[in-house]
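Input: a single structure, listed below in structure tokens.
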Amino acid sequence: MKGKMSNEMGDIVIDREVLAKYAGSAATECFGIVGMASVNVKDGVAKLLKRENVSRGVNVTVVDNKIHIELHVIVAYGVSIRAVAQNILENVRCRVETYTGMEVESISVAVEGVRIVDD
């Protein structure tokens with residue numbers, strides 16, 4: 001379902017793909033994130049996505065104009081996964097709610113892998 005808002009001038013409809021790209025971009029801006037992950041369910045292997053494909057690591061559903069987001073990420077080795085996940089939750093919620101004017105009801109962060117990052 002797409003996000004929909006109405007005002008006195010008409011309706012605004014936001015596609016789930018747009019929401020997914022925005023949420024994925026907001027997540028990849030966070031410290032400790034190497035990138036988004038695409039998970040091959042058949043093999044159980046997480047694949048690091050390029051910047052232009054960040055929406056493939058995000059599942060978005062809209063129910064009663066409330067957004068539910070599931071993020072699949074790969075984190076950098078040596079960082080606190082809990083701190084990174086908390087930062088993602090706060091950044092994505094703030095960015096998506098500001099961007100859309102809609103409420104984000106839930107965000108799930110699935111850490112699919114850890115990568116050593118060269119400086």
Please report the shortest heavy-atom distance between [X] and [Y], naming the atom on each side.
X      : Y      : answer
Arg93  : Glu105 : NH2-O, 4.2 Å
Ile81  : Val75  : CG1-CG2, 4.1 Å
Val114 : Tyr77  : CG1-CA, 3.5 Å
Gly32  : Val84  : CA-CG2, 4.1 Å
Asn65  : Val62  : CA-CG1, 3.8 Å
Ala27  : Ile33  : O-CG1, 3.6 Å

Would you check if [X] and [Y] make a side-chain contact, meaning some heavy-atom pair closer than 4.5 Å?
X      : Y     : result
Tyr22  : Arg95 : yes
Asn59  : Ile69 : no
Glu112 : Val73 : no
Asp15  : Val13 : no
Val18  : Tyr99 : yes
Met36  : Leu71 : yes

Just by distance, no angles: are the side chains of His72 and Glu70 close enough, under 3.5 Å, to form a donor-acceptor pair? yes
Return yes if a side-chain donor-acceptor contact under 3.5 Å exists between Ser106 and His68, otherwise no. yes
Distance in Å, [X] [atom1] paired with [Y] [atom2], rounded so as to fall on 0.5 Å steps:
X      : Y     : atom1 : atom2 : answer
Asn91  : Gln86 : CG    : CD    : 11.5 Å
Ser108 : Ile88 : OG    : CD1   : 12.0 Å
Lys21  : Arg16 : NZ    : CZ    : 14.0 Å
Thr61  : Lys66 : OG1   : NZ    : 13.0 Å

Pick from Ile107, Ile14, Val92, Thr100: which one makes a side-chain contact (heavy atoms from CB on, under 4.5 Å) with Ile67?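 Among the candidates, only Thr100 passes.
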